[in-house]
Amino acid sequence: MAESERAGRRTGEALLPEHSVLSLEEYLAMQRSIGNETRFRVLNALVEDGGQSASELRDRLDVQSNVLHYHLDELVAVGLVENRKRKEPDAEGLYSFYRATSLGEGILQHGVRELIAREWDSLEEYGQ
């Protein structure tokens, strides 16, 4: 049975495996979180380029520091990004950096990015 057929026949918590690590609400919170353009861009940057400090992300994405931290906090809260702390500063004096979690990579790859890739494939296939 195709995955979409299985999902179509289940409702609520029955959508999840019996011993699911996360609840349906937690999965939906992750999806809602990357529904925001800034959070999507942050997560995408972390997946594409690996761990970065907040100042590196701020410069790369051209986002104000307070706005960036608000969105980073949301991504951390839902488990898509983790904030790694160093006991000692690195060469630039940075004590922490952010990186995408495996869940963050997965939801990005098998969500919006997959839809975008399908659109590119369709455009190439039909000569648009």
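Everything numeric in this text was worked out from a predicted model, so none of it was measured. Along the sequence shown, residues carry numbers from 1.
Note that the OH atom of Tyr27 and the CG atom of Leu22 stand 4.5 Å from one another [nearest 0.5 Å]. Of the inter-residue distances, the one linking Ser65 atom OG with Asp59 atom CG reads 10.0 Å to the nearest 0.5 angstrom. The OG atom of Ser55 sits 5.5 Å away from the CZ atom of Arg58 when rounded to the nearest 0.5 Å. One distance of note links NE2 of His71 with CG of Leu43; it measures 13.0 Å at 0.5 Å rounding. Taking CG of Leu68 as the reference point, atom CG of Leu61 lies at 7.0 Å (rounded to 0.5 Å).
Looking at Asp49 and Arg60, their side chains come closer than 4.5 Å, going by heavy atoms from C-beta outward. Counting heavy atoms from C-beta outward, Glu105 and Thr101 have side chains that stay 4.5 Å or more apart.
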Atom pairs and distances, donor-acceptor, side-chain atoms in residues 72-85, under 3.5 Å, two or more places apart:
from: Glu82; atom 1: OE2; to: Arg99; atom 2: NE; distance (Å): 2.3
from: Glu82; atom 1: OE2; to: Arg99; atom 2: NH2; distance (Å): 2.8
from: Asn83; atom 1: ND2; to: Tyr98; atom 2: OH; distance (Å): 3.4

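The hydrophobic clustering, which links ILVMFWY residues whose side-chain heavy atoms are closer than 4.5 Å, places Val63 and Phe97 apart. Linking Ile, Leu, Val, Met, Phe, Trp and Tyr whenever their side-chain heavy atoms come within less than 4.5 Å puts Leu103 and Leu24 in one cluster.
No more than 12 heavy-atom neighbours from other residues, nucleotides or ligands sit within 6.0 angstrom of CG on Asp62.
The backbone N or O of Ser53 sits less than 3.5 Å from a side-chain atom of Glu56, completing a donor-acceptor pair. The closest donor-acceptor contact from the side chain of Glu124 to the backbone of Asp121 lies at 3.5 Å or more, if one exists at all.
Heavy-atom minimum distance, Ser33 versus Arg39: O-NE, 2.8 Å. Among all heavy-atom pairs drawn from Gln52 and Ala45, the shortest one is NE2-O, 3.3 Å.
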- Please test Arg41 against Glu48 for salt bridge (charged side-chain N to carboxylate O under 4.0 Å, His left out), starting from the C-alpha separation and ending with a verdict. CA-CA 10 Å; Arg41 291 176 58 222; Glu48 290 293 316; over 6 Å; no

